Amino acid sequence: MPFIVSIGNNELGSTPPGSLPGARPEGDAPVPKETMHPDHRPDWTPPADAEEQPRQVRRILELFRPYRGRLAVVGLLVGAASLVSVATPFLLKAILDVAIPEGRTGLLSLLALGMILSAVLTSVFGVLQTLISTTVGQRVMHDLRTAVYGRLQRMSLAFFTRTRTGEVQSRIANDIGGMQATVTSTATSLVSNLTSVVATVVAMLVLDWRLTVVSLVLLPVFVWISRRVGNERKKITTQRQKQMAAMAATVTESLSVSGILLGRTMGRSDSLTGAFSDESERLVDLEVRSNMAGRWRMAVITIVMAAMPAVIYWTAGIALRTGGPEVSIGTIVAFVSLQQGLFRPAVSLLSTGVQIQTSLALFQRIFEYLDLPVDITEREDPVHLDRIKGEVRFENVTFGYDDKSGPVLDGIDVTVPPGGSLAVVGPTGAGKSTLGHLVPRLYDVTGGRVTLDGVDVRDLDFDTLARAVGVVSQETYLFHASVADNLRFAKPGATDEELHAAARAAQIHDHIASLPDGYDTVVGERGHRFSGGEKQRLAIARTILRDPPVLVLDEATSALDTRTEAAVQQALDALSADRTTLTIAHRLSTVRGADQIVVLDSGRAVERGTHEELLERDGRYAALVRRDAQLEPTK
């Protein structure tokens, strides 16, 4: 079920992805923290010991399970192509040993036609094999991308606060993109080459077992060399992907609109360019090392394999000269032809082994994300509310971000009746925004509970929670799309009339209508074509369109000037009408009309009451009001 919560203009959507073979079920035991988020320690890589690697291979094979029918067809095509190609040397032997010496023109024509037909069939089988295997590989990549994206959509807000955006993007783009060759062609190439090697070796044994032994004597050495090269490249690939992730993070942060503004206004453009150059230089070194790892050893294998026909000619000649068993010219030519046919798949098979070992590093990084425990999950039998009144209760709520630091909230007991308004004020770091994040369940409480209409929010299905709670915060987010598309993110099927009505209520319709393209105006990256107040009112219009019965206003006007704040406050008043409203405020002028005001300090509710009651007590709230009064002339 979808889970969409509006945070200012930042709606977080979570839709459970389709199941992916090998993905960790939500009910599994949590991953220990030291292995849970590799982003805490960029240089750390989970160990791939002797037991882990076979498990990882089995997990990769599971990715292809849904497509085993197509892969079976590929296997048949591979087998057919191998048998047809192996027949060609035997046809050649018959031409040299029988048809030509005996002058049998008819047989010669038939054998030559057979060789041509063999080439045609091999090519046709190869094209069909490539089509099916590439389709399967791309589907597997699609499944991986979707599974990783879906997993990340269900991660708690805490994960994204400690993970660089570029790192996440690199996992989806670079790591999955880097394994394209592996999943689209390596599996098929492995089967094809293995089949060709087996079929060719059998044919060579049929022709002459002694020459076959000479041809294959060095094969175990070649396998050992290729495994060592594969291990080297795997280690380098892990380092390379981490470096690519670091570079992607640098690009994402420094080339965003906010990053460009910060770099230029701070005079750091040149230093940022230099830092990027250093990151790129490290990547150059890793790319060169990755491509050159084991090249000389693989070149030796290639040279030896290419020299094997000369060895066969020499062996046959020596055997004939020393009175050994006689080998016909046709047999030697056919054998060398088979050996040449063996050369390509054998070398390719060794290279494929190296590729597979290298790609294990990429799969390992992807599986790390697929194995991340989902903190915010929907229970198996969630409660669904058709009609939502809007009563919100905090019952002895305690919350902490981790076990090491102390609680951010401690023993909060507050009730907001349906349609009522609660204002939460206090100094910076008191836990105000955290309290607001508990209502839409961006975080789960560590003690006590938060209820909506008497039901623990952890027991509600995501659909109910998404319909019930809307959030408008100081941090607004707009997609690089039109105004209409940004508004319809809250309600995809909204009509133009509904968009206009929501914009009017948010005091932004007239401004949108005055633009040359109206509601089709592209807002720019993060909405930078609009002012802060305009973006905030677009966020409010988007939330109005959703029409949630419970509203959380998280310092929605704290960054605005007095005049803009007044316009936005009008829009907020319209939005809050007849809704249960939780207002988190730094400026107390926006909360004086609240039904109830709670003062937080160090995570505890130290005062509560109406504006007038708290002023009479002359406590923390009264001190905050006097502070605001002193700051008023500076606005």
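Residue indices begin at 1 and follow the sequence shown. Predicted model, so just to flag it, every value in this text is computed and none were measured.
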[atom1]/[X] to [atom2]/[Y] distance, rounded to the nearest 0.5 angstrom?
{"X": "S133", "Y": "Y67", "atom1": "OG", "atom2": "OH", "value": "14.0 Å"}
{"X": "L113", "Y": "S118", "atom1": "CG", "atom2": "OG", "value": "11.0 Å"}
{"X": "L63", "Y": "F367", "atom1": "CG", "atom2": "CZ", "value": "5.0 Å"}
{"X": "Y369", "Y": "Y149", "atom1": "OH", "atom2": "OH", "value": "14.0 Å"}

Could [X] and [Y] be called an ion pair, given the rule that one side-chain N must be under 4.0 Å from one carboxylate O?
{"X": "D375", "Y": "R441", "result": "no"}
{"X": "R139", "Y": "D143", "result": "no"}
{"X": "R458", "Y": "D444", "result": "no"}

Main-chain N/O of [Y] paired to [X] side chain as donor or acceptor, under 3.5 Å:
{"X": "R542", "Y": "F489", "value": "no"}
{"X": "T464", "Y": "L385", "value": "yes"}
{"X": "R546", "Y": "A490", "value": "no"}
{"X": "N486", "Y": "S482", "value": "yes"}

With a cut-off of 6.0 Å (strictly less than), are more than 12 heavy atoms of other residues, nucleotides or ligands near CZ of R145?
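Yes, enclosed.
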
